[in-house]
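What you see is a predicted model, and the numbers here were worked out from it, not measured in a lab. In each ligand, atom 1 is the first atom listed, and ligand 1 is the first ligand listed.
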Amino acid sequence: MARVDPHSYFDDSQPRVCHWRLELSADFNRQTLSGTVALCFDKGCRRGVLDLDTKSLTVTRVFSETGKALPFELGAEQAVLGRRLRVRLSAGVREVHITYETSPTGAGLQWLTPEQTEGKKHPFLFTQCQPIHARSVLPCQDSATARVTYDAQVLAPAPLTAVMGAGPLGTGDGDAGRRVFRFRMPQPIPSYLFALAIGELEGRDLSPRSRVWAEPATIAAAAEEFSGTEAMIQSAESLFGPYDWERFDMLVLPPSFPYGGMENPRMTFLTPTLLAGDRSQVAVVAHELAHSWTGNLVTNATAEHFWLNEGFTVWAERRILRALRGDEAAALAWGIGQKDLEEALERFEGKPALTCLRTHLEGVDPDEAFSVVPYEKGARFVVALERAVGEERFDRFVKDYMKTFRFQSITTERFCAFVEASFPGLLTNINADAWLNEPGMPASAPRFVSRNLEMLSSLAQGWKDGIRPDPGLIGRWTPDEIIIYLQRLPREMSHEECAWLDGALSLTGRGNHEILTQWLCIAASSGYEPAFDRVRRLLTRVGRMKYVRPLYQALGRTEAGRRIAHEIFAQAGPAYHSLTRRAAQSLLDQYAVKA
Ligand code: BES
Ligand code: ZN
């Protein structure tokens, strides 16, 4: 018996599921998915027991492909893991069929009322399975060490459309005013990349292999914002090798989507906050696209190796950015990341183990361990490797790495063995052990220099001495330049200073949520009440955790802010995604309000 993932009951000595056949029906009144999943085994031994992950699922029947009932037991609920579903297999069983139903509060699903959508007419459902929420959508071996292909059939009420991170096989009429959508996912994926969304959706082609989906109210803006996607795919292919997933489609979700993007294969999920109107946030698309290689093709074995996904992808995202927009744009992106990294390292001072790249997460909820450290420290480690061997050799290494491990899930140790075989002695030379197994940043970490970055940083540092940028200069700053500047300003200012800043950069009216949030954090920390209404509007509309967290945190710094934070949360909390709600709640718990 060997469990190989601290976050899953998956046991690699048991029969291995290699394919799912799903038949699901979405009930928006009861907010449940119900139906049957057939788990199909590969050719190996199919006796003994099969342990599956489940969370918030009701299992009604378990049977074989011949209809023979199979004994099963649901274990006790574990806080992080959920409940183990143990099925006893009779000899020769080829498929385990499970009839089940999800719960309205299952962590991997968010059911939205019509009011929570842009169109306000129809409800919406979307999944977010990474890191370990697939188990609340279907019973499965919910570990990235296991991969499956799947077929799915989804019943949804007309006129709603279902999309999946898979290839569409067609649509037909179902009973009771419902439509049936069929999909096939031919490429083997880890369970966390399973994705389904249902809503009033419209698609627009961006190129022969790329289409964006969104609610009718946002489709035009989405097609405009992401019109450069094909150029990105081509740039990525020339850097990392052929695109192995046939299509790169995207879905713009309603604003409660808790992340900026999620790299669901063949259907990247995106927050509508990317629709800034000026393509200033397409780096998120580059990031999710880059995951098609780093993450989806070569996958972290478990959450303890998360940096292999995210660190490599941030590095890849910035290589794409550099190829398309030049050195200066890439240097600014590294500069923005540098500040985020420093703040995260500070925040984790009490939990330094979580700032190692290779983590140990037995008993730790991976959602709680999440931070930008694996992203930005990980990306800098990749750059350390790249700089040590030179770009040309490193580019060849990356293509080789993709080819060697495609459609496999690997550990940090496996990665290191591959590096050692490719470049003997390199890991020792750059002190990889410090990067991987020690907290914080090694002193030798790569730096990214750019005159522009220096200029913006020193300008921001001069703020406290009364130095202000020239209004003519400010007017020509790009969105990333503004972010660099805002990131480096003091968090607390006088009201006059806030008013000056807002006036000079027209911050409160911005459509770019990165800029807006940077500004609103300063305003909230400073107790600058003229901006509170904008904070309230953002926090009642947007559920992206990257914005929600720092805003509640900033509100916590003043008495007036704390009062408003509780008020906003009372109003907005019920509509948040469960992850966002939990994150906001834990911040609010840290500050009480005097009656
Ligand atoms: N895979 C992540 C999102 C994620 C991570 C979901 C962990 C659940 C658990 C995605 O690729 C991501 O990193 N998104 C970023 C985008 C950014 C780094 C460009 C985000 O959401 O902000
Ligand atoms: Zn990512």
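- For Arg209, the salt bridge (Lys or Arg N to Asp or Glu O under 4.0 Å) partners at least two apart in sequence or on another chain are Glu230, Glu237.
- Geometry about the Zn ion (ligand 2) gives an angle of 160° between OE2 of Glu310 and NE2 of His287, rounded in steps of 10 degrees.
- Judged by the 6.0 Å and 45° rule, Arg318 forms a cation-pi pair with Trp334.
- Protein residues having a heavy atom under 4.0 Å from any atom of ligand 1 are Gln128, Gln130, Pro131, Tyr259, Gly260, Gly261, Met262, Glu263, Val284, His287, Glu288, His291, Phe306, Glu310, Phe370, Tyr375, Arg544, listed by chain and number.
- Few gaps surround CZ on Arg247; more than 12 heavy atoms of other groups in view lie less than 6.0 Å from it.
- Residues passing the side-chain hydrogen bond (donor to acceptor under 3.5 Å, both in side chains) test with Gln130: none are found, sequence neighbours excluded.
- Cation-pi geometry between Arg135 and Phe194 is not met: the NZ or CZ atom fails to fall both under 6.0 Å from the ring centre and inside 45° of the normal.
- Not counting sequence neighbours, the partners of Asp244 by the salt bridge (Lys or Arg N to Asp or Glu O under 4.0 Å) test are Arg406.
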